[in-house]
There are 2 protein chains.
Amino acid sequence: MFSIGQLSKATGVKVPTIRYYEEIGLLPQPGRNAGNQRRYGQDGMDALGFIKHARDLGFSLEDIKALMGLDGHLGDDCAEADRIARSQLANVRDRIRKLQQLASELERISHLCDGGNGGCCKVLTALGDHSQCAGEHG
Amino acid sequence: MFSIGQLSKATGVKVPTIRYYEEIGLLPQPGRNAGNQRRYGQDGMDALGFIKHARDLGFSLEDIKALMGLDGHLGDDCAEADRIARSQLANVRDRIRKLQQLASELERISHLCDGGNGGCCKVLTALGDHSQCAGEHG
DNA sequence: CTTGATGCTCTAGTGACTAGAGGCCCTACA
DNA sequence: TGTAGGGCCTCTAGTCACTAGAGCATCAAG
């Protein structure tokens with residue numbers, strides 16, 4: 001039996017966050033001891049570990065809820081899990097692409113200030129004028 | 001003189017968002033007509049364009065506030081603008097690196113389901129077990 | 001038995017908006 | 001001049017995924 005603090009330490013999820021997950025129905029309500037404190041078993045630990053890992057991978061709590069509703073013994077559910085994982089991968093790739101465009105424009109803007117001379121503060125001008133951008137972004 | 005709707009159309013920033021920017025002190029309060037409706041000049045248009053572009057580049061409203069406080073005629077402010085831009089670039093590069101790690105792990109997880117056969121639904125197992133991960137993430 | 005850490009509930013705040021209610025105003029057209 | 005519709009106004013509350021704090025109860029160690 002684990003206290004909420006032990007669970008927190010073991011998984012790296014903060015105590016109020018664990019309570020929040022319970023509140024929104026993502027984590028099942030654990031039992032309580034005589035003093036009304038939460039007591040978790042290994043299943044609670046596993047569930048929280050799953051959530052933590054999925055959050056680190058960028059899944060929304062919504063997605064995680066969907067993934068946890070299914071537990072792998074139905075073909076349909078399996079397909080659904082795979083679909084969610086793939087859509088998340090596409091999402092991540094898209095974000096990478098956009099961020100790379102941003103990085104190259106930010107690089108360009110930063111270079112305007114390189115000499116520290118009179119050309120300086122084109123940073124602000126560049127930020128105000130999209131037409132100077134090399135490519136698309138946003 | 002532009003109405004808030006015209007400003008919105010011209011910049012691509014939604015009307016409630018413009019009012020929100022004004023509320024938090026990011027956009028100066030414009031004049032009003034006899035019927036209490038906002039009327040903007042070219043300066044308002046320019047300011048909003050600046051904000052939009054900087055937002056698209058991933059700057060926080062906090063950063064943008066700092067950038068707008070300075071308007072380019074002081075050496076110190078210029079240095080500050082450059083510092084903010086560079087830190088934003090570092091930030092973006094960091095996010096790219098992390099996302100690339102996530103993408104590769106998601107790819108690995110997705111491949112577990114490739115055959116659609118019995119190996120399927122290791123997706124859920126993989127999500128629950130960080131120790132299977134190739135590298136670090138989070 | 002005391003002390004300090006940990007736990008409890010509840011409320012409110014974060015960032016950057018978005019949505020809706022309920023009403024006022026402006027413009028174009030008949 | 002009247003009216004219909006769209007645009008505009010303020011205000012409140014909701015979103016996501018937490019985070020912070022108040023004020024109190026409980027637990028474990030010495």
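Per chain, numbering begins at 1; letters A, B, ... match sequence-line order.
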Scan for salt bridge (Lys or Arg N to Asp or Glu O under 4.0 Å) pairs involving residues 33-44 of chain A, sequence neighbours excluded, and state none if there are none.
-> A:E22-A:R38
Residues in contact with DNA chain D, drawn from residues 8-28 of chain A - heavy-atom cutoff 4.0 Å = A:K14, A:T17, A:Y20, A:Y21
How is A:R39 classified with respect to the nucleic acid when contacts are heavy atoms under 4.0 Å: base, sugar-phosphate, or nothing?
-> nothing
State whether B:E107 and A:R93 are salt-bridged, where the test is any N-O pair (Lys NZ or Arg NE/NH1/NH2 against Asp/Glu carboxylate O) under 4.0 Å.
-> yes
What heavy-atom pair brings B:R55 and B:S60 nearest, and what distance separates the two atoms?
-> NH1-CA, 3.9 Å
What pair of heavy atoms forms the shortest contact from A:A47 to A:L27, and how long is it?
-> CB-CD2, 3.8 Å
Indicate whether OP1 or OP2 belonging to C:dG7 is found under 4.0 Å from a side-chain N or O atom of A:R38.
-> no
Nearest-nucleotide check on DNA chain C, B:G35 vs B:S60; residue mapping nearer the 5' end is B:S60
Is it true that a side-chain atom of A:K65 and a backbone atom of A:I24 form a donor plus acceptor pair closer than 3.5 Å?
-> yes
Residue set satisfying side-chain hydrogen bond (donor to acceptor under 3.5 Å, both in side chains) with B:E23, at least two apart, ordered chain then number -> none
Just distance, no hydrogens or angles: give the donor-acceptor pairs under 3.5 Å from side chains in residues 11-20 of chain A, sequence neighbours left out.
unit_1	atom_1	unit_2	atom_2	d
A:T11	OG1	A:L7	O	2.8
A:T11	OG1	A:V13	N	3.2

Considering just the side-chain nitrogens and oxygens of B:N33, establish if one lies under 4.0 Å of OP1 or OP2 belonging to C:dC26.
-> yes
At the 4.0 Å heavy-atom cut-off to chain A, mark where contacts on DNA chain D begin and end, going 5' to 3'.
-> D:dA17 to D:dC27
Between B:Q6 and A:R55, the residue closer to the 5' end of DNA chain D by nearest nucleotide is B:Q6
Would you please name every residue forming a side-chain hydrogen bond (donor to acceptor under 3.5 Å, both in side chains) with B:Q29, sequence neighbours left out?
-> none
B:Q37 atom CD is separated from C:dC25 atom C1', nearest whole Å, by 5 Å
